[in-house]
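Source: prediction; values computed, not measured. Note on naming: letters A, B, ... go to the chains in the order of the sequence lines (proteins, then strands), and numbering restarts at 1 for each one.
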Protein chains: 2
Amino acid sequence: MNIPKSNFSEWYNTIIKEAQLCDLRYGIKGFVVFMPWAVMTMNKMYGMYERSLEVRGHVPALFPALIPESYFMRESDHVKGFVPEVFWVTEAGGNKTEEKYAMRPTSETAMYTMYALWIHGMTDLPLKIYQRCQVWRHETKATKPFIRSREFHWIEAHDCFATREGAMAQVKEDMAMAEEVIHGQYCVPFIFFKRPQWDKFAGAEDTYAADALMPDGRTLQLPSTHMLGQHFSKAFDIKYTDASGKDEYVWQTCYGPAISRIYAAVIATHGDDKGLILPFDLAPLQIVIVPIIKPETKDSVLANCEEIKNFLVKQNLTVKIDDSERTPGFKFNEWEMKGVPIRLELGMRDIESNSVILVRRDNGQKTKVSTLDPKLLIEKIEESANNMRLELKKKADEWFEKKLATAETMDELSKKLETSGFIQVPFCTDQMEGEKCADLVREKAQANMRGSIFESKEKPDSAKPKGKKCIACQKPAAIYLYAARQY
Amino acid sequence: MNIPKSNFSEWYNTIIKEAQLCDLRYGIKGFVVFMPWAVMTMNKMYGMYERSLEVRGHVPALFPALIPESYFMRESDHVKGFVPEVFWVTEAGGNKTEEKYAMRPTSETAMYTMYALWIHGMTDLPLKIYQRCQVWRHETKATKPFIRSREFHWIEAHDCFATREGAMAQVKEDMAMAEEVIHGQYCVPFIFFKRPQWDKFAGAEDTYAADALMPDGRTLQLPSTHMLGQHFSKAFDIKYTDASGKDEYVWQTCYGPAISRIYAAVIATHGDDKGLILPFDLAPLQIVIVPIIKPETKDSVLANCEEIKNFLVKQNLTVKIDDSERTPGFKFNEWEMKGVPIRLELGMRDIESNSVILVRRDNGQKTKVSTLDPKLLIEKIEESANNMRLELKKKADEWFEKKLATAETMDELSKKLETSGFIQVPFCTDQMEGEKCADLVREKAQANMRGSIFESKEKPDSAKPKGKKCIACQKPAAIYLYAARQY
């Protein structure tokens with residue numbers, strides 16, 4: 001690599017290219033090709049998220065990628081929010097289409113039109129459906145691979161409930177899933193913020209969004225879950241007949257983990273100066289075997305490598321022997337750059353001592369493991385994989401904790417932003433009237449108000465401020481909000 | 001259901017609706033909503049196909065859904081074949097786009113533009129990449145759920161080789177994958193035909209396509225694999241430097257299993273008058289437990305059901321207890337219609353005798369299984385699942401074999417088509433000059449020439465005809481081709 005991670009922007013662009021994660025040379029602005037090494041990890045990430053959704057009662061469906069303009073126009077806030085970003089299909093089969101079709105920027109309007117036909121009574125609720133798909137948004141902001149592109153890959157879950165309480169419980173379940181999957185399995189820390197009213201999803205009552213931090217201290221929004229209330233159910237006429245025979249509008253939530261963007265957070269959180277580091281369960285290739293060969297030992301060493309590989313493959317591990325003509329040193333660098341979690345080195349001397357050298361990608365730790373009992377090697381690999389996950393998570397969490405700070409004045413905020421990520425500040429309000437103060441923070445400190453911590457138990461500093469003044473307007477502060485610079 | 005499968009068209013439309021597989025009420029002609037019960041099976045089908053591709057060295061990637069018009073126009077046969085079916089994006093973000101963008105009807109032109117940048121030398125070959133995605137085609141033929149719609153879900157694999165032999169070996173590997181997955185795991189029989197020259201893929205040298213048979217004897221095209229030769233590599237300038245330092249064009253193949261369409265073949269092949277029948281590994285729900293309850297035994301029976309369910313779930317089986325208020329008879333019908341492979345019935349009498357009744361969906365066979373040792377129940381379920389797969393396959397194969405026939409005159413062909421599926425006929429040629437004869441067959445017998453059997457070993461009747469005349473032009477026949485009515 002030869003680029004220190006502290007120079008994050010250049011490091012990120014270099015790793016995208018060197019590890020062949022994404023090709024930016026496709027002929028449509030803002031569209032990229034997601035390359036195999038990235039997609040192999042993204043598919044594993046998809047699998048974990050889909051399992052988490054299904055265990056909690058979600059079922060998959062597939063809705064059309066095109067949405068008739070007439071569907072799209074039914075909820076006015078949603079229209080205002082999304083129409084400026086839509087790609088429109090206007091011709092098909094050599095003719096103008098009867099109506100314009102939006103390439104889905106998100107699927108509320110496609111799905112809720114059908115939900116109105118599907119939901120009749122209490123037994124149809126809750127309805128919990130997700131789809132794994134891609135969406136298209138004609139972003140005006142600068143695009144950056146995985147972080148922001150005009151086509152991205154996500155999951156969207158759209159749920160309906162009989163009561164507001166049911167919907168709020170779903171919002172919390174969505175948060176729990178993010179904690180389980182993104183933090184627990186991808187090892188990426190984040191904070192769930194309740195967004196200020198001026199920054200919520202187009203058509204939502206409230207938006208709750210998970211913000212991660214990139215190494216340069218800027219924040220990246222990961223999944224958000226939205227309490228839609230009855231806005232959409234009224235616009236789309238989604239009703240159920242309650243126990244007393246009365247028609248009621250359903251309460252709705254939606255949830256959108258963008259796998260391609262979360263992948264950017266995985267790269268950024270774990271990588272180091274040498275390249276990618278990936279948790280064992282996310283790695284496209286988990287184990288690389290590098291034979292240490294002299295011409296006269298080649299056949300014997302390779303045969304031993306093959307034997308070990310075959311044994312590991314049977315344990316459902318992904319394994320490759322790098323028997324190319326390159327030097328071992330070159331191979332070490334290459335596979336470290338690519339983030340292969342475990343390297344096994346095997347030469348004649350190791351074979352003679354019935355052992356193999358196991359090297360961990362994350363910390364470089366070398367261990368000599370006996371090959372006399374193959375079970376020992378499996379145990380050691382499992383132990384390394386597990387420790388790697390725990391240690392990557394711990395390291396990321398510790399770094400993240402250090403990026404939290406507090407400020408009470410605009411100057412202090414600006415200063416803290418140079419070294420920290422999320423800065424807690426006293427603020428007048430997170431209701432619409434507060435937007436002017438947020439504009440002032442953006443102007444003076446080049447930071448965004450990300451919101452308040454939702455139902456924090458462990459973080460007492462998220463309690464209401466007492467005797468503090470709003471960092472922008474100096475009126476008495478009613479709430480602590482967090483400021484950050486964002487992607 | 002109440003519709004006999006012999007009335008296939010009505011049976012199919014009814015099952016789509018009753019089992020909630022697909023909703024046709026979406027507001028764009030030819031676009032449907034793929035509903036959860038179908039998508040759960042399609043996801044399992046995707047998983048099996050993806051594993052089969054990956055085991056054989058394919059890696060996944062994700063290319064843009066939009067293709068610039070300029071990319072699309074580079075291979076002239078391809079343009080002619082696909083342009084009439086394209087959906088075009090012409091507006092984005094409130095403005096006309098610089099260029100028109102095609103929603104991919106297939107991805108050759110998107111992928112091969114990038115392949116030209118990726119392939120340099122021998123070490124880049126073979127390149128074997130697949131993507132799991134949806135494609136859009138403005139079909140003019142009548143649409144039918146899963147069988148033909150303007151948006152469908154598929155896998156497309158696009159491979160490059162240094163030699164023609166490498167590409168031909170891939171064509172055979174693609175056929176082996178279809179045999180392994182579609183026949184072996186989905187239990188759907190088919191024949192791989194080498195299509196006549198007038199019916200090949202736009203831009204291919206040769207097309208090999210797997211044709212299944214629907215219950216009404218009409219054929220449905222499942223995956224096809226195409227020998228592209230160097231047509232595209234010349235149009236897209238995909239070259240590698242060979243050992244002698246000379247630049248050579250690569251040889252290419254592409255392969256497209258349309259999962260949504262193969263799903264139609266699964267429904268049609270295995271279903272019966274009562275509804276869906278699904279192989280155990282494809283079922284969204286594998287086991288339904290129906291409690292046989294009297295008011296006074298309810299708690300005790302349900303507790304026992306719960307215990308069995310928890311045990312089965314731990315074995316990674318999908319299990320549901322139907323504890324709704326409906327009668328057992330109603331539940332039996334419902335879950336039979338939905339194709340749940342195994343039903344367990346449990347009432348107080350069963351509990352007292354430490355047993356449970358296991359009922360197989362495919363043949364209605366009832367077995368009393370002891371619950372004293374839970375391992376016995378698992379063994380019995382595994383045995384039933386395995387037998388079901390083998391017997392569904394055998395039944396489908398036997399039916400399929402009976403649908404093969406031969407004819408030597410147009411009259412005989414017309415007659416045989418009433419009761420059979422694929423009719424082998426002597427034909428003048430499968431080269432372009434034969435198209436007129438194929439037109440005549442379409443006119444006189446309302447059948448299509450599907451092609452010759454590719455490299456048949458077991459079927460001696462596919463050898464060259466001797467002393468026979470072409471069924472259409474009466475000139476000496478050079479080849480046996482198969483005729484069928486098609487979807």
Side-chain angles (χ1 to χ4, degrees), chain A residues 23 25-29 31-40 42-43 50 59-68 70-71 83-94 97-101 103 110-111 113-114 117-118 123 129 131 133-134 136 138-140 150-151 153 260 284 324, chain B residues 23 25-29 31-40 42-43 50 59-68 70-71 83-94 97-101 103 110-111 113-114 117-118 123 129 131 133-134 136 138-140 150-151 153 260 284 324:
Chain A
D23 196 315
R25 293 171 291 177
Y26 193 76
I28 305 180
K29 193 161 177 275
F31 284 66
V32 301
V33 177
F34 296 86
M35 292 177 77
W37 201 254
V39 176
M40 284 189 270
M42 283 167 56
N43 280 349
E50 290 177 277
V59 288
L62 290 165
F63 285 75
L66 295 182
I67 305 177
S70 53
Y71 286 17
V83 160
E85 293 186 353
V86 168
F87 287 87
W88 292 103
V89 169
T90 64
E91 296 173 21
T97 52
E98 285 174 35
E99 182 181 10
K100 293 209 291 188
Y101 305 133
M103 293 185 72
M111 295 172 77
T113 303
M114 303 310 294
L117 302 171
W118 294 351
T123 54
I129 290 181
Q131 73 174 350
C133 65
Q134 59 209 284
W136 301 272
H138 193 267
E139 289 278 357
T140 48
R150 289 183 173 174
E151 173 180 62
H153 298 267
S260 48
S324 65
Chain B
D23 196 316
R25 293 171 291 177
Y26 194 76
I28 305 179
K29 194 162 177 275
F31 283 66
V32 300
V33 177
F34 296 85
M35 291 178 78
W37 201 256
V39 176
M40 285 188 271
M42 282 166 56
N43 281 348
E50 290 177 276
V59 288
L62 290 165
F63 286 75
L66 295 182
I67 304 175
S70 53
Y71 285 18
V83 160
E85 293 187 353
V86 168
F87 287 86
W88 293 102
V89 169
T90 64
E91 298 173 22
T97 52
E98 285 173 36
E99 182 181 11
K100 292 208 292 187
Y101 305 132
M103 291 185 72
M111 294 172 77
T113 304
M114 302 310 294
L117 302 171
W118 295 351
T123 55
I129 290 181
Q131 73 174 349
C133 66
Q134 58 210 283
W136 300 272
H138 193 269
E139 290 279 355
T140 48
R150 289 183 173 172
E151 173 181 62
H153 297 268
S260 46
S324 66

*Asks:* Relative to chain A, which segment of M40(B) carries a heavy atom at a distance below 4.5 Å: side chain, backbone, both, or neither?
*Replies:* both
*Asks:* Which atoms of A65(B) come close to chain A, meaning under 4.5 Å heavy atom to heavy atom: side chain ones, backbone ones, both, or neither?
*Replies:*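 Both backbone and side chain.
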*Asks:* With a 4.5 Å heavy-atom cut-off, do K29(A) and E98(B) have their side chains touching?
*Replies:*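 Of all side-chain heavy-atom pairs linking E98(B) with K29(A), none is under 4.5 Å.
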*Asks:* Nearest heavy-atom pair of A61(A) and Q131(A): which atoms, and what distance?
*Replies:*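 Closest approach of A61(A) to Q131(A), heavy atoms only: O-CB, 3.1 Å.
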*Asks:* Quick check for you: among R150(B), K100(B), E85(B), M114(B), which has the greatest number of heavy-atom pairs under 4.5 Å with chain A?
*Replies:*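 Option with the top pair count is M114(B).
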*Asks:* Given a strict heavy-atom distance threshold of 4.5 Å, which part of Y71(A) is in contact with chain B: side chain, backbone, both, or neither?
*Replies:*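 For Y71(A), side-chain heavy atoms alone lie under 4.5 Å from chain B.
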*Asks:* Could you state the interatomic distance from NE2 (H153(B)) to CZ (F34(B)), rounded to the nearest 0.5 Å?
*Replies:*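 Those atoms lie 4.5 Å apart.
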*Asks:* Checking heavy atoms, do the side chain of T113(B), its backbone, both or neither come under 4.5 Å from chain A?
*Replies:*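 Contact with chain A: none, neither part.
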*Asks:* Where on M111(B) is there a heavy atom nearer than 4.5 Å to chain A: the side chain, the backbone, both, or neither?
*Replies:*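 Neither the backbone nor the side chain of M111(B) comes within 4.5 Å of chain A.
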*Asks:* Among V86(A), V59(A), D23(A), L66(A), which has the most heavy-atom pairs under 4.5 Å with chain B?
*Replies:*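 Most heavy-atom pairs within the cutoff with chain B belong to L66(A).
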*Asks:* Could you tell me which portion of A110(A) (side chain, backbone, both or neither) has an atom closer than 4.5 angstrom to a non-hydrogen atom of chain B?
*Replies:*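 The answer is both parts of A110(A).
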*Asks:* Does some side-chain heavy atom of Y26(B) sit less than 4.5 Å from a side-chain heavy atom of P68(A)?
*Replies:* yes
*Asks:* Working to the nearest 0.5 Å, report the span between CH2 of W136(B) and CD1 of I28(B).
*Replies:*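 CD1 of I28(B) is found 11.5 Å from CH2 of W136(B).
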*Asks:* To the nearest 0.5 Å, what is the distance between CG on L62(A) and CE on M35(B)?
*Replies:* 12.0 Å
*Asks:* Say you draw a straight line from CZ of F87(B) to NE2 of H138(B); how long is it, rounded to the nearest 0.5 Å?
*Replies:*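 Answer for the CZ-NE2 pair, F87(B) versus H138(B), is 5.0 Å.
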*Asks:* Let me know if W37(B) has heavy atoms under 4.5 Å from chain A in its side chain, its backbone, both or neither.
*Replies:* neither
*Asks:* Heavy atoms only, distances under 4.5 angstrom: which of G27(B), P64(B), P84(B) has the most pairs with chain A? Name it, please.
*Replies:* P64(B)
